[in-house]
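So the structure is just underneath, and the comments pick up after that.
The sequence lines fix the lettering, A, B, ..., with proteins before strands; numbering per chain opens at 1. Note: hydrogens, waters and symmetry copies are ignored here, and every other heavy atom, side chains too, is used.
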There are 4 protein chains.
Amino acid sequence: MANIAAGDDHADTPPSMVRPSLPREPPATERGLRTRAALVAAARKVFERLGYLDARLIDITRAANCSTGTFYTYFSSKEDIFAAVLEVAQEDMLHPGMPHVASDDSPAAVIEASNRAYLKAYKRNAKLMGLLEQVANIDPEFRELRTSRSNAFVRRNARSIAKLQVKGYADPDLDPLLASRALSAMMSRLAFGHFVAREDREDTPTVTDEDLVQIVTRLWVNALRIPSPDHRNPPAVQDQ
Amino acid sequence: MANIAAGDDHADTPPSMVRPSLPREPPATERGLRTRAALVAAARKVFERLGYLDARLIDITRAANCSTGTFYTYFSSKEDIFAAVLEVAQEDMLHPGMPHVASDDSPAAVIEASNRAYLKAYKRNAKLMGLLEQVANIDPEFRELRTSRSNAFVRRNARSIAKLQVKGYADPDLDPLLASRALSAMMSRLAFGHFVAREDREDTPTVTDEDLVQIVTRLWVNALRIPSPDHRNPPAVQDQ
Amino acid sequence: MANIAAGDDHADTPPSMVRPSLPREPPATERGLRTRAALVAAARKVFERLGYLDARLIDITRAANCSTGTFYTYFSSKEDIFAAVLEVAQEDMLHPGMPHVASDDSPAAVIEASNRAYLKAYKRNAKLMGLLEQVANIDPEFRELRTSRSNAFVRRNARSIAKLQVKGYADPDLDPLLASRALSAMMSRLAFGHFVAREDREDTPTVTDEDLVQIVTRLWVNALRIPSPDHRNPPAVQDQ
Amino acid sequence: MANIAAGDDHADTPPSMVRPSLPREPPATERGLRTRAALVAAARKVFERLGYLDARLIDITRAANCSTGTFYTYFSSKEDIFAAVLEVAQEDMLHPGMPHVASDDSPAAVIEASNRAYLKAYKRNAKLMGLLEQVANIDPEFRELRTSRSNAFVRRNARSIAKLQVKGYADPDLDPLLASRALSAMMSRLAFGHFVAREDREDTPTVTDEDLVQIVTRLWVNALRIPSPDHRNPPAVQDQ
DNA sequence: CATGAATGAGAGTTCATTCAT
DNA sequence: AATGAATGAACTCTCATTCAT
């Protein structure tokens, strides 16, 4: 699987991860399961609408049609449920629907496809990404979460870059890890600005999602000095 | 002045721009001037130590050796004084000590120097940058501030890129504005990760400031397809 | 049985007296009996560990390995189960293992033996006594319980004192009831300080249980002006 | 000063003592002083009426005619203000108005006077004593307070007893400290039962305050084997 | 200019108790 | 007889802001 495309924040993550708070027993009954799910769904909506800080527990419980007490049956705090919300989104970021990468595609094509997939997944979860950015800058627990996710991504892409170097398709002078970190940073920051901050600056011509894919891919290819896709090459990026 | 190197967040800014809150009369007396300055200085320290949210007004006034009431003589709110703190730092980010760029330096050399300068300035104000990131994700007023600063930078670098293209020194297929945005994003995000978040990830080899300069410059040069610095060229980047 | 020795708090009690709360049907089945017993045992442990106020019902049910709902099958409230716990301890306080008091023992010897027995029983149930002290100062229902227990004791000892006076072995000027009340108060308060509060005051020489028996007995004998045990006398204190 | 009379709980206390909680700055202005005093007075009333546990902060602030916020200007918690309430009562317990003890009074007379004074002071502060008993059994901080006060008293009386022994006026076989502890325990417990718990037991003849003085004094004199007051003696108890 | 006491809405959190299953 | 999810009133404590002095 090609995953040179990146973004630093999310999308890769160990199976079990988010638990910034004191634990609560998982629901024992069907009904409990439903209530918990309702709370998580409600929380996501409320967080997205109000932001993390302005969201009050009572907003969440009201949206989930239950009492405050019930909230504490399943979560120990606001952080706790926020982590749960993130965890759900994880699923989606993890399987961004890797598109058809023919085995004979050029490295450039692979990069493009993977960038496009990343951006799509980011878009789907844009509000949540913004939320995470918010919280990560406030709560060390979530900052760490963001960092570790990002690192996983960076490492993966670093491996891909190294492979390209070995095959003579990428600038051998680049440190793969550093390069990966820089390029992933570019990607994620761009996505953030595009999908989250999007202040719809009047002075700037509108940029489409596809514009972003194109420019990033181009810069990426250039930066790594990947040979132009004109000469057909064996796939330079192979994943795991 | 060479400023192709960039970063989106800070370092460029119209003379006076920060005033997200209700105004207060500027101090009329000498004494008032001193008190106000003491408050701003105290606020910076407190914000840096406690973060924006956890800093209480009382912490600031205590550090400034004055009463709560006095605070409101000069500032209308926490946001207001935070803006004032930022404004002070502005000075420094505005004059990052642009280094000696000989007029016959290669574009690559110029980029490197400018990147180095940016990083230095960022480092000096790292805590504040972190604070801004925190607040911008919380308060729209400050989000806008960040955006507009960033845009100024991006535009400037876009002009430089365009010039390089005209002179045949940069990939003509790149949209200058988009490329600038992407590369500036890379820079600023990297600086943030390096100087602010620096979670000192145990698994990663230590990266020095200079490592960062080198990798970024390299990627930047590659990405724009700037000809290798071997052939002496006229300075490709000219400022203002 | 000699019970002039005393203490006002516990050790005497009508067969069944504790029921400060709404009743619940006693268990009908074998299984129910076991569950109820488990709850009482668990409650005692939890109360002793956490104190009455900090003990949550959930702590008790968890320790008893049953659900919250089940608790209410057997008890109507926290008070209710606390009363049940006390009732169990009653058994022990009621039969403090009255030692061999030869019928020709001197009054002093009888007093000593009985004081020793009281102290032993108190020690065995020290934690519970502390608990009762806690709750009696909070809940009128239990205050009454404590009072009535204490009174029973006081009355008994008053009878003994009166007998001694009749036989010319005790200061006839003393009101038997008042004297009994005072001496019992001394005893119980001392036991409380020794076994429950025992702040292990650094400045005070360690006092053994036996020291306590000796001093109390001596003071008691003196206070009642009981003739020195040198001259053999018929037992001055006869019980029931 | 004669202070063989006792009571274990309060009345003696080092200059500065009660601070079970986080400190608050003392009021800087006249007005602040008044507000703080109003809060303490209100707290005392509320505690006495409702008991420590049932007293809500809001009850206190309402009674003091101020807002919750104001409460926290002067006190950090319920405990904190309770300590302040106790501290005020201290004054009174400390100077129980030691009565005229003619220098040629017999030891018995001195004891009687001192017991009477103790009981009077206890009566004046009965509600508070009850409160302290309540809280001391709940909060270790206050338990310690009670213990240390009590100890001071016990030690003082122990010294008096020792002096009497030296002069040949008290049973030399008694350990002064243990005896003091026991007799003080008797006194304080009796006072507690009489003034605080006074369940007005229907079955018991009414006991007047003076009855208590008489019986306690008599028992005390007997217990220490102090010679009958008939033979005029030089004052056996001298203080400090 | 400076002070600092007063404000008070509002948040998070707990836990005994109920009740449908 | 047993379960455990649901309840919700009640409480403490915070802190930006105002205002009388």
Side-chain angles (χ1 to χ4, degrees), chain A residues 25 27-36 53-61 65-79, chain B residues 25 27-36 53-61 65-79, chain C residues 25 27-36 53-61 65-80, chain D residues 22 25 27-36 53-59 61 65-78:
Chain A
E25 312 250 315
T29 67
E30 175 66 28
R31 186 192 184 193
L33 235 39
R34 263 180 293 130
T35 306
R36 204 198 113 106
L53 291 170
D54 288 346
R56 292 165 309 162
L57 256 23
I58 200 185
D59 294 321
I60 295 173
T61 53
N65 243 58
C66 74
S67 71
T68 5
T70 299
F71 176 92
Y72 284 92
T73 306
Y74 301 106
F75 306 98
S76 62
S77 64
K78 204 162 134 180
E79 291 167 34
Chain B
E25 306 269 310
T29 68
E30 173 67 25
R31 185 194 185 188
L33 233 41
R34 261 180 295 130
T35 307
R36 204 197 112 105
L53 290 170
D54 288 346
R56 292 166 310 165
L57 255 23
I58 201 186
D59 294 321
I60 295 173
T61 53
N65 245 56
C66 76
S67 71
T68 357
T70 300
F71 177 91
Y72 284 90
T73 305
Y74 302 105
F75 305 97
S76 63
S77 66
K78 201 167 152 180
E79 291 163 33
Chain C
E25 306 269 311
T29 69
E30 174 66 26
R31 185 195 186 189
L33 233 41
R34 260 180 296 129
T35 307
R36 203 196 114 103
L53 290 171
D54 288 347
R56 291 166 311 164
L57 254 24
I58 203 187
D59 294 320
I60 294 173
T61 53
N65 245 54
C66 77
S67 71
T68 358
T70 299
F71 177 92
Y72 285 90
T73 305
Y74 301 105
F75 305 97
S76 63
S77 65
K78 201 166 152 181
E79 292 163 34
D80 199 11
Chain D
L22 301 171
E25 311 251 317
T29 66
E30 175 67 26
R31 188 193 182 190
L33 235 40
R34 262 180 294 132
T35 307
R36 204 196 113 106
L53 290 171
D54 288 346
R56 291 165 308 161
L57 256 22
I58 201 185
D59 294 322
T61 53
N65 243 58
C66 74
S67 69
T68 3
T70 298
F71 176 92
Y72 283 94
T73 304
Y74 301 105
F75 306 97
S76 62
S77 64
K78 204 162 133 178

Select one nucleotide: of [options], the one nearest the side-chain heavy atoms of [X].
X       : options                : result
D:Thr35 : E:dA6, F:dG4, E:dG10   : E:dA6
A:Thr29 : F:dA5, E:dC1, E:dA16   : F:dA5
C:Thr70 : F:dT3, F:dA1, E:dA6    : F:dT3
B:Arg56 : E:dG12, F:dA16, E:dA16 : F:dA16

Would you tell me if any nitrogen or oxygen in the side chain of [X] comes within less than 4.0 Å of OP1 or OP2 on [N]?
X       : N      : answer
A:Arg31 : E:dA20 : no
A:Tyr72 : F:dA5  : no
A:Ser67 : F:dG8  : no
A:Thr68 : F:dT7  : no

Please examine the side chains of A:Phe75 and A:Leu57, heavy atoms only from C-beta on, and report whether any two atoms are closer than 4.5 Å.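 In short, these two side chains do not touch, never coming nearer than 4.5 Å.
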5' precedence on DNA chain E between B:Gly69 and C:Gly69 (nearest-nucleotide basis):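 Looking at DNA chain E, the more 5' nearest nucleotide goes with B:Gly69.
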Assign each of A:Ile58 and C:Ile58 to its nearest nucleotide of DNA chain E by heavy atoms, then name whichever residue's nucleotide is nearer the 5' end.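 That would be A:Ile58.
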Expressed as a whole number of angstroms, how long is the span from [X]:[atom1] to [N]:[atom2]?
X       : N      : atom1 : atom2 : answer
B:Leu33 : E:dC1  : CG    : C1'   : 13 Å
D:Lys78 : F:dA10 : NZ    : C1'   : 12 Å
A:Asp59 : E:dT13 : CG    : C1'   : 16 Å
A:Leu57 : E:dT14 : CG    : P     : 11 Å

Here DNA chain E, pairs taken as Watson-Crick or G-U under 3.5 Å and shown with ( ), [ ] when crossing and | when to another strand, reads .||||||||||||||||||||
Which of these passes side-chain contact (heavy atoms from CB on, under 4.5 Å) with A:Phe71: A:Thr35, A:Ile58, A:Thr61?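 Only one option passes, and that is A:Thr61.
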Taking atom types as modelled, find out whether A:Thr73 and A:Thr70 have a side-chain donor-acceptor pair closer than 3.5 angstrom.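 Note: A:Thr73 and A:Thr70 side chains miss the donor-acceptor criterion.
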Just to be sure I understand the rule, does D:Phe71 reach a base, reach only the sugar-phosphate, or reach nothing, if contact means heavy atoms closer than 4.0 Å?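 Counting heavy atoms under 4.0 Å across all strands, no contact is made by D:Phe71.
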